[in-house]
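Worksheet: the structure to be examined is printed underneath.
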Amino acid sequence: MTPSKDNTFCWYPFTQLALKDWHRDRGILNATPCCNMIRPETPDPMGLKDKLKTIQPTAKEIFHGEEMTNLRTAALAGERHSACDVCWRMEDRGSSSYRLNQVTPSHTVLPEDPQLRMIDFSFGENCNLRCRICMPGLSNKLRLDYRYFLENKVDTSGMMDYDYAIDHPVTQAENSGPGNEYAVFNFNQNNHQWRDILDNMHELVHIKATGGETTLSKGFLEFIDTAIERDCAKNIILEFHSNCTKFTSQLMNKLNHFRRLHINASVDSIYKNYDYVRYPMTWDRLDHSIENYLNKINLPGAINFNPVITALNAHSLPDLYQYQINLANKYKHRDIEWVMWADLLWPDDKYINIRFLPQHIKQELIELYTEMKLQSDLGIECNIDNIMSFLKQYLQLEITEQHRVNMLREVTAFDKSRDQCYNDYLHPSIIKFLEAPL
């Protein structure tokens with residue numbers, strides 16, 4: 001069976017579980033078949049949170065439980081289950097969706113006989129970067145900015161996750177320090193749910209993982225070491241998100257034990273604009289790490305550049321795509337599938353969202369991306385339809401002076417904590433918008 005706009009079928013409920021929220025003592029706090037289901041407006045799409053407060057089922061028990069069974073029934077019956085609203089909204093806008101773009105499982109799973117063969121983990125908030133698209137609960141290094149704002153009384157009013165004038169979860173972690181894991185995957189190697197996954201990894205054929213920075217996470221490193229020790233790695237497709245800055249030779253030696261490698265590269269921009277949005281990394285260091293990966297890898301797989309589009313990097317997308325084309329051409333002897341999938345900013349109320357740009361800049365970006373699509377080369381898939389649909393959806397949104405002030409406040413707050421100045425990094429159209437009162 002194949003997902004299409006003519007049906008409501010999706011492979012994820014029949015083969016995968018996403019475990020993105022853990023607690024050191026209570027174990028799994030939430031579970032969905034797809035990581036994209038959880039949004040601010042749908043924090044508990046499967047209705048599992050209350051149940052998991054009192055019981056600690058294994059991953060397999062959750063997969064075969066009532067909630068997942070009901071979702072599978074709806075998918076086969078042509079019913080739009082509310083847990084999947086993120087995909088229904090994308091499709092209703094006329095763009096593709098996560099459901100429609102998923103790859104058919106490489107293993108045999110029949111809809112009438114669902115089997116847990118894939119797990120999508122979050123392995124913590126331990127990170128080495130302070131990206132402007134992110135938040136303190138997903139990157140512990142961003143607590144450095146939060147504390148700077150607090151201690152220097154920087155105006156962060158209304159800035160999502162940084163407004164210290166209101167109650168915010170980051171204050172609960174003040175004693176954990178910028179280098180400790182405290183949220184998301186709060187790793188505990190003695191947790192029986194985690195041990196059960198490791199003990200049954202021979203049943204798994206595909207693992208997905210995110211961080212923080214995944215390659216710095218204790219859980220991720222334990223999983224790959226255990227898979228190698230138990231001779232399971234050769235049967236597992238390993239897919240993970242990474243900012244691609246830590247591809248050391250030691251890590252590459254371990255990754256080469258797996259069946260295939262799929263990298264979702266969190267690279268948002270290029271050159272000095274990259275230095276701005278992915279602070280404190282520099283473009284040259286990132287480029288060196290990516291080259292080391294491509295020189296050392298000896299497995300088939302895929303590299304999906306996954307930029308998150310904001311007002312800060314929107315104009316740099318064509319240059320990033322050209323960089324990817326150049327890499328694909330240079331390493332065409334490698335058995336690698338190249339993809340670019342541009343994503344929207346989440347949560348979408350952040351002030352640097354592209355929907356808060358004036359109409360003439362949105363139109364400018366639509367034309368830029370249209371030309372970019374026309375110049376697609378070397379068979380590299382370029383999926384930016386969702387970005388273009390989003391821009392068109394908000395093309396007529398009335399942009400006020402308050403929108404400009406809000407965006408400028410967020411931009412300059414981080415400029416202060418990093419000793420940067422947006423004039424040195426951003427596209428002229430954005431600079432002009434930020435500096436010219438409406």
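- Lys373 NZ: more than 12 foreign heavy atoms inside a 6.0 Å radius.
- In this view, Tyr351 satisfies the ring-ring contact (aromatic ring centres under 6.0 Å, His included) rule with no residue, not counting sequence neighbours.
- A salt bridge links Glu222 to Arg195: one of the charged nitrogens lies within less than 4.0 Å of a carboxylate oxygen.
- Partners of Phe149 under the ring-ring contact (aromatic ring centres under 6.0 Å, His included) rule, at least two apart in sequence or in another chain, are Tyr162, Phe414.
- Heavy-atom neighbours of Asn298 CG from other residues, nucleotides or ligands within 6.0 Å: above the threshold of 12.
- Under a 3.5 Å cut-off, the side chain of Arg355 and the backbone N or O of Asp348 do form a donor-acceptor pair.
- Pairs passing the ring-ring contact (aromatic ring centres under 6.0 Å, His included) check and including a residue from residues 36-89, sequence neighbours excluded, do not occur.
- At a threshold of 4.0 Å, the pair Arg89-Glu41 counts as salt-bridged, since one of the basic side-chain nitrogens sits closer than that to a carboxylate oxygen.
- With sequence neighbours excluded, no residue satisfies ring-ring contact (aromatic ring centres under 6.0 Å, His included) with His262.
- Thr15 and Gln115 share no donor-acceptor pair across their side chains, judged by distance under 3.5 Å alone.
- Judged purely by atom type and a 3.5 angstrom limit, Asp268 has no side-chain atom pairing as donor or acceptor with the backbone of Tyr274.
- Partners of Lys208 by side-chain hydrogen bond (donor to acceptor under 3.5 Å, both in side chains), not counting sequence neighbours, listed by chain and number: Gln16.
- Within the 3.5 Å criterion, the main-chain N or O of Val308 finds a donor-acceptor partner in the side chain of Asn313.
- For an aromatic pair to be called close, the ring centres must be under 6.0 Å apart, and Trp194 with Phe121 satisfies this.
- When all heavy atoms of Pro111 and Pro114 are compared, the closest pair comes out as O-CD, 3.7 Å.
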side-chain hydrogen bond (donor to acceptor under 3.5 Å, both in side chains) between Thr210 and Lys20: does it pass, once the steps are laid out? CA-CA 9 Å; Thr210 58; Lys20 298 293 187 177; 3.1 Å; yes
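- For Thr42 (side chain) and Met37 (main-chain N/O), a donor-acceptor pair under 3.5 Å exists by modelled atom type.
- Put simply, CZ on Phe390 and CD1 on Ile354 are 5.5 Å apart, with the number rounded to the nearest 0.5 Å.
- Taking a cutoff of 4.0 Å between a charged side-chain nitrogen and a carboxylate oxygen, Asp415 and Arg132 qualify as a salt bridge.
- Under the rule for a side-chain hydrogen bond (donor to acceptor under 3.5 Å, both in side chains), Thr214 has no partner lying at least two apart in sequence or in another chain.
- Listed by chain and number, the residues in a side chain to side chain contact (heavy atoms under 4.5 Å, CB included) with Asn152 are Tyr148, Val154 (sequence neighbours excluded).
- Side-chain contact check for Asn326 and Gln322: at least one donor-acceptor pair (N or O, by modelled atom type) lies under 3.5 Å.
- Minimum heavy-atom separation, Glu91 to Lys5: O-NZ, 4.2 Å.
- Under the side-chain hydrogen bond (donor to acceptor under 3.5 Å, both in side chains) criterion, Arg130 pairs with Asp145, sequence neighbours left out.
- Ser139 places no side-chain N or O within donor-acceptor distance of the main-chain N or O of Pro136, the cut-off being under 3.5 Å.
- Not a single ring-ring contact (aromatic ring centres under 6.0 Å, His included) links Phe258 to another residue, sequence neighbours left out.
- Counting non-hydrogen atoms of other residues, nucleotides and ligands closer than 6.0 Å to NE2 of His288 gives a total of 12 or fewer.
- Every residue two or more places apart in sequence or in another chain was checked for a side chain to side chain contact (heavy atoms under 4.5 Å, CB included) with Thr2, and none qualifies.
- Of the charged side-chain nitrogens involved, none lies within less than 4.0 Å of a carboxylate oxygen, so that Lys350 and Asp161 do not count as a salt-bridged pair.
- One N or O on the side chain of Arg72 and one on the backbone of Pro13 form a donor-acceptor pair closer than 3.5 Å.
- Across Ile380 and Tyr321, no two heavy atoms sit closer than the pair O-OH, 3.0 Å.
- The minimum heavy-atom distance between Arg409 and Ser157, with the atom names listed, is NH1-O, 3.0 Å.
- Closest non-hydrogen pair, Gly78 versus Thr8, comes out as CA-OG1, 3.1 Å.
- The only member of Asn140, Thr215, Thr245 that meets side-chain hydrogen bond (donor to acceptor under 3.5 Å, both in side chains) when paired with Asn128 is Thr245.
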Trace of the salt bridge (Lys or Arg N to Asp or Glu O under 4.0 Å) decision for Glu125 with Arg143: CA-CA 11 Å; Glu125 44 86 69; Arg143 293 204 288 279; 2.9 Å; yes
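- By the salt bridge (charged side-chain N to carboxylate O under 4.0 Å, His left out) test, Arg93 is found to be paired with no residue, residues two or more places apart in sequence or in another chain being considered.
- Using modelled atom types, one side-chain atom of Asn7 and one backbone atom of Ser4 make a donor-acceptor pair closer than 3.5 Å.
- Side chain of Gln193 to main chain of Ile28: a donor-acceptor pair is present (N/O by atom type, distance under 3.5 Å, no hydrogens or angles).
- A salt bridge does not link Asp21 with Arg26: every distance from a Lys NZ or Arg NE/NH1/NH2 to an Asp or Glu carboxylate oxygen is 4.0 Å or more.
- Of the possible donor and acceptor atoms, one in the side chain of Thr310 sits under 3.5 Å from a partner among the backbone N and O of Leu312.
- With sequence neighbours excluded, the residues that form a side-chain hydrogen bond (donor to acceptor under 3.5 Å, both in side chains) with Ser96 are Asn101.
- Side chain of Asp287 to main chain of Trp283: no donor-acceptor pair is present (N/O by atom type, distance under 3.5 Å, no hydrogens or angles).
- Nearest heavy atoms, Ser266 versus His241: OG-ND1, 4.3 Å.
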